[in-house]
Amino acid sequence: MLFIMTHHAAVVGGSGYTGAELLRLAASHPELDVVHVTAASNAGARVGELFPSLEPEYGAMTFAPFSASDLDGLDVVVRALPHGESQRIAGARVESVAHVVDLGADFRLPAAQYARWYGHEHDAPELIARFAFGKVEIYRDAVDAASHVANPGC
C-alpha cells in the first residue's frame, strides 16, 4: 500500500501571475493541499472566479487578506510577492511555519549585497541567514538541511 503524506500549504500573493501558477502546479501535486491563499487587491474573490481554470480544484476557496496568524502551523508557505513585500512580513513566521519558500528577491543575497544591488537596506537582515539559496545544482546540501528556501529567480 502506498502512503502519501499530505502537506498543508498556503500561497501568499496568490492572485498574481506567479501565485496562479503555484496554485495550478499545487492542484496536481499529490502531497500538497493548499488550504489558504491570500491576495491584497483581490481579497474576498473566489479563486475560480479570478482563474476559471482553477475552479475544479479550488471551488469555494476565496482569497483572504494577509494575516500572519493564518499561516501558523502550516507545513509549507510559498510567498509570491512583489519585491520588498516578503521581508516586511517575514518576522515571526519563520518560527511558526515549517517551511517557507520565498519566490521574490528578498532573501537571496547577504544584507550587504542586497543593499548594493537594490539601493536600500534590507528590512529583516537577521532573517537572511535562515534561508538557503535554492539553486540545488550548487547548494544541494544547504537546501536539503534548510527549513526555508530563497528561490534563485531569473
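Sequence positions, counted from 1, serve as the residue numbers for this chain. Every value quoted in this text rests on a predicted model; they were computed, and no experiment measured them.
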- Query: Going by the salt bridge (charged side-chain N to carboxylate O under 4.0 Å, His left out) test, which pairs reach into residues 40-60, not counting sequence neighbours?
  - Reply: Arg46-Glu55
- 4.5 Å side-chain heavy-atom contact, Leu81 and Ile89: yes
- Item | Tyr58-Val78 co-clustered via ILVMFWY side chain contacts under 4.5 Å | yes
- Message: Is it the case that over 12 heavy atoms from other parts of the model lie below 6.0 angstrom from the CZ atom of Arg88?
- Response: yes
- With side chains defined as the heavy atoms from C-beta onward, is the minimum distance between Asp75 and His99 less than 4.5 Å? no
- Do other residues, nucleotides or ligands put more than 12 heavy atoms under 6.0 Å from the CZ atom of Phe51? yes
- Between the CG atom in Leu32 and the CG atom in Leu23, the distance rounded to the nearest 0.5 Å is 11.0 Å
- Message: Is any side-chain heavy atom of Ile138 closer than 4.5 Å to one of Phe133?
- Response: no
- Nearest heavy-atom neighbours spanning Ala80 and Gly19: CB-N, 3.9 Å
- Query: Is there a side-chain contact between Val94 and Phe131 (heavy atoms, below 4.5 Å)?
  - Reply: yes
- Task: Search all heavy atoms of Leu109 against all heavy atoms of Ile128 and return the closest pair with its distance.
- Result: O-CG2, 3.3 Å
- Task: Would you check if Asp33 and His7 make a side-chain contact, meaning some heavy-atom pair closer than 4.5 Å?
- Result: no
- Query: Between Asn42 and Ser15, does a side-chain hydrogen bond (donor to acceptor under 3.5 Å, both in side chains) hold up when you go through it step by step?
  - Reply: CA-CA 7 Å; Asn42 290 298; Ser15 67; 3.1 Å; yes
- State whether the number of non-hydrogen atoms from other residues, nucleotides or ligands found under 6.0 Å of Glu126 atom CD is greater than 12. yes
- Message: Restricting to non-hydrogen atoms, name the atom on Ala132 and the atom on Ala146 that form the minimum distance, rounded to 0.1 Å.
- Response: CB-CB, 3.5 Å
- For Gly13, does its backbone N or O pair with a side-chain atom of Thr38 as donor and acceptor, under 3.5 Å? yes
- Query: With respect to Asp102, which candidate in Arg79, Arg108, Arg130 satisfies the salt bridge (Lys or Arg N to Asp or Glu O under 4.0 Å) definition?
  - Reply: Arg79
- Task: Kindly indicate whether the side chain of Leu71, heavy atoms from C-beta on, has any atom under 4.5 Å from the side chain of Val100.
- Result: no
- Message: Count I, L, V, M, F, W, Y as connected when their side-chain heavy atoms are under 4.5 Å apart, and connections chain through other members. Are Leu103 and Val149 then in the same cluster?
- Response: no
- Judged by atom type as modelled, is there a donor-acceptor pair below 3.5 Å linking the side chain of Asp106 to the main-chain atoms of Gln87? yes
- Item | Contacts of His122 that satisfy ring pair (Phe, Tyr, Trp, His ring centres under 6.0 Å) - sequence neighbours left out | Phe107, Tyr114
- Rounded distance [0.5 Å steps], CZ in Arg116 versus CD in Gln113: 5.5 Å
